[in-house]
Every structure is written in structure tokens, then in C-alpha cells.
Amino acid sequence: MIVWLNGTHGAGKTTTSALVQQLLPDSRVFDAEKVGETLMDITPRLPWTGNFQHWPPWRPLVVETARRVLDYTGGTLVMPMTVLVEQYWREISTGLAQHSVPVRHFVLHADREALRGRIEGDTTLGISQFRLDHLDPYAEAARTWLHEEAEVVDTTHRTPAEVARQIAEAVKS
């Protein structure tokens, strides 16, 4: 099974995924961003689109990598990855379904002010315009399709440990 943690930058996906992994037996964290980083390392470079998710190979490679890892290890993959384009989510979720890989899709949500504060106060990555630029697309995706496609978990006033426990309990039930 895959536990997909979606949501925009600053919602707590990376921190929460590590905590969820500790609460789910036989689970591993797989960050699909690494697939994008691999594509970014190709030389000469692929035509730049502003986001590796826009490269057509990224989505099927995420599906293929996840299913192959699950075939090899079994268990659960916890995947923290922002996907805000509905077509891309459909490609990934349909691809996984075609391989009979069940997906529990969670969206970690926080209000805009909390997200902005987290991004601007990030002492590890620093302020990132890329991350800030995704606040509006997240709000639009949340309003139009994303929150209907997932179990929404509000992280605005909750610790990552509380959020991880809620997700782990939902997956186990």
C-alpha cells in the first residue's frame, strides 16, 4: 500500500512522513522528488519547464519506481509529495491502480498564514520563492478538486506527531 501525503510546501509532509513511517510496521519513506532530481541530472538537460513534474516521464517513473519497490519489499510506502495538477494526480493514481497498488491519499492542509509563516521561517531551506509561489496553486487545487480526492488533515494548529498519529490510525483501521 501507499500512504500518499499531499499538500503544498510548508504543510508538514516531510516531517510527518518520517513520523508516520515509525508508526506503521514494515513501512518505508519514498520521496518521489528524487525521481525528479534524477531527471534534472540528465545531460544535456531536458527542456526546462519550471517544475520537473511537468516533464512527461516523471509521472510514469514515479508509478514504476513505487510499484517496483513495493514488489521487492512489500509493506507500505509513505510518499510525501505535492501534486497540485489534477491530470498528474490522475496519471499517478490510475497507474498505481493498474498495478493493483492501493493508495490512501491524505492532504496535509494549513491555512495560508500558517503556510507562509512556516516557509518564511524555515531555518533548513530558508525562504523559498518557489515554495511561496505554490500557495495560490494549492488554494486553487484545494478548492476545485484536491480536497475531494483525499482525506484532509488540518495541520494548522497541530504538531507533526499529532498529525502522524491521526494518519497512522486511519491507515490501520
Side-chain angles (χ1 to χ4, degrees), residues 1-24 27-40 48-55 58-59 61-63 66 76-93 96 103-171:
M1 152 185 281
I2 290 175
V3 176
W4 195 289
L5 302 184
N6 204 341
T8 197
H9 307 282
K13 296 178 307 297
T14 301
T15 302
T16 302
S17 66
L19 296 170
V20 168
Q21 185 274 323
Q22 294 171 14
L23 297 171
L24 294 178
S27 65
R28 292 170 173 73
V29 174
F30 167 48
D31 187 345
E33 188 167 326
K34 301 299 183 193
V35 174
E37 290 174 8
T38 298
L39 292 172
M40 289 174 20
W48 186 237
T49 60
N51 184 332
F52 60 72
Q53 290 188 13
H54 300 319
W55 286 327
W58 182 76
R59 280 105 49 207
L61 285 171
V62 167
V63 169
T76 301
L77 284 182
V78 180
M79 296 182 64
M81 187 71 221
T82 300
V83 179
L84 301 180
V85 177
E86 183 176 11
Q87 174 190 339
Y88 299 173
W89 176 251
R90 298 260 179 256
E91 288 178 45
I92 292 167
S93 60
L96 293 166
V103 177
R104 287 290 296 267
H105 184 199
F106 295 89
V107 170
L108 304 189
H109 174 80
D111 65 41
R112 185 180 189 90
E113 294 75 30
L115 292 168
R116 178 173 287 285
R118 291 174 189 175
I119 293 167
E120 291 175 348
D122 190 324
T123 57
T124 303
L125 297 175
I127 297 176
S128 163
Q129 192 60 49
F130 179 85
R131 295 171 80 205
L132 288 169
D133 288 347
H134 281 80
L135 294 178
D136 287 338
Y138 168 73
E140 179 64 13
R143 186 184 65 74
T144 58
W145 70 273
L146 184 58
H147 283 195
E148 295 172 10
E149 292 291 321
E151 300 169 60
V152 179
V153 180
D154 195 323
T155 70
T156 304
H157 301 292
R158 299 177 66 206
T159 67
E162 291 170 332
V163 172
R165 278 193 300 277
Q166 178 181 342
I167 291 167
E169 288 170 11
V171 170

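Below, all heavy atoms of this structure are taken into account, side chains as well, without hydrogens, waters or symmetry copies. Note that the structure is a prediction, hence the values are computed from the model and not measured.
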Give the table of side-chain donor-acceptor pairs shorter than 3.5 Å for residues 3-11, with sequence neighbours excluded, one pair per line with atom names and distance.
from	atom 1	to	atom 2	distance (Å)
W4	NE1	M81	O	2.9
N6	OD1	V83	N	2.9
N6	ND2	V83	O	3.1
N6	ND2	H105	NE2	3.2
T8	OG1	H134	O	3.4

Exercise. Carefully, step by step, assess I2 and F30 under the rule side chain to side chain contact (heavy atoms under 4.5 Å, CB included).
Key: CA-CA 10 Å; I2 290 175; F30 167 48; over 6 Å; no

Self-check item: Heavy-atom side-chain proximity of R158 to V153 below 4.5 angstrom
Solution: yes

Exercise. Identify whether the distance between the nearest side-chain nitrogen and carboxylate oxygen of D111 and R116 falls below 4.0 Å.
Key: no

Quiz item: How far apart are the closest heavy atoms of L84 and A141, and which atoms are they?
Solution: O-CB, 3.6 Å

Practice problem: Would you check, one step at a time, whether the test side chain to side chain contact (heavy atoms under 4.5 Å, CB included) holds for V171 with M1? | Solution: CA-CA 10 Å; V171 170; M1 152 185 281; 3.7 Å; yes

Quiz item: Can you name the closest pair of heavy atoms from S17 and V29 and give their distance?
Solution: O-CG2, 3.6 Å

Quiz item: So, R112 side chain and A139 main chain: donor-acceptor pair closer than 3.5 Å or not?
Solution: no

Self-check item: Salt-bridge criterion met for R165 and E169 (N-O under 4.0 Å)
Solution: no

Quiz item: Does some side-chain heavy atom of I167 sit less than 4.5 Å from a side-chain heavy atom of L108?
Solution: yes

Quiz item: Are any of the side-chain heavy atoms of L39 and L61 separated by less than 4.5 Å?
Solution: yes

Quiz item: Got a second to check how far R59's CZ is from H54's NE2, nearest 0.5 Å?
Solution: 9.0 Å

Quiz item: Backbone N or O of T82 within a donor-acceptor pair of the Q53 side chain at under 3.5 Å?
Solution: yes

Quiz prompt | Nearest atoms (heavy-atom pairs only) where P160 meets T15 | solution = CB-CG2, 3.6 Å

Quiz item: With side chains defined as the heavy atoms from C-beta onward, is the minimum distance between E151 and Q166 less than 4.5 Å?
Solution: no

Quiz item: side chain to side chain contact (heavy atoms under 4.5 Å, CB included) between Y138 and V107: does it pass, once the steps are laid out?
Solution: CA-CA 11 Å; Y138 168 73; V107 170; 3.7 Å; yes

Practice problem: Only counting residues at least two apart or in another chain, list the ones meeting ring-ring contact (aromatic ring centres under 6.0 Å, His included) with F52. | Solution: W58

Quiz item: Is R143 salt-bridged to E140, cutoff N-O under 4.0 Å?
Solution: yes

Practice problem: Using salt bridge (charged side-chain N to carboxylate O under 4.0 Å, His left out) as the criterion, list what pairs up with E162, not counting sequence neighbours. | Solution: none

Quiz item: Looking only at heavy atoms, which two atoms of A164 and L19 are closest? And how far apart?
Solution: CB-CB, 3.5 Å

Quiz prompt | From CA spacing to verdict: side chain to side chain contact (heavy atoms under 4.5 Å, CB included), Q129, L132 | solution = CA-CA 5 Å; Q129 192 60 49; L132 288 169; 4.1 Å; yes

Self-check item: R118 vs T155, side-chain hydrogen bond (donor to acceptor under 3.5 Å, both in side chains): CA-CA, chis, key distance, verdict
Solution: CA-CA 11 Å; R118 291 174 189 175; T155 70; 3.1 Å; yes

Exercise. Determine the minimum heavy-atom distance between I127 and E120, stating which atoms define it.
Key: CG1-O, 3.3 Å

Self-check item: Distance in Å, L77 CG paired with Q21 CD, rounded so as to fall on 0.5 Å steps
Solution: 10.5 Å

Quiz item: Which heavy-atom pair separates G50 from F130 by the least distance, and what is that distance?
Solution: O-CE1, 3.8 Å

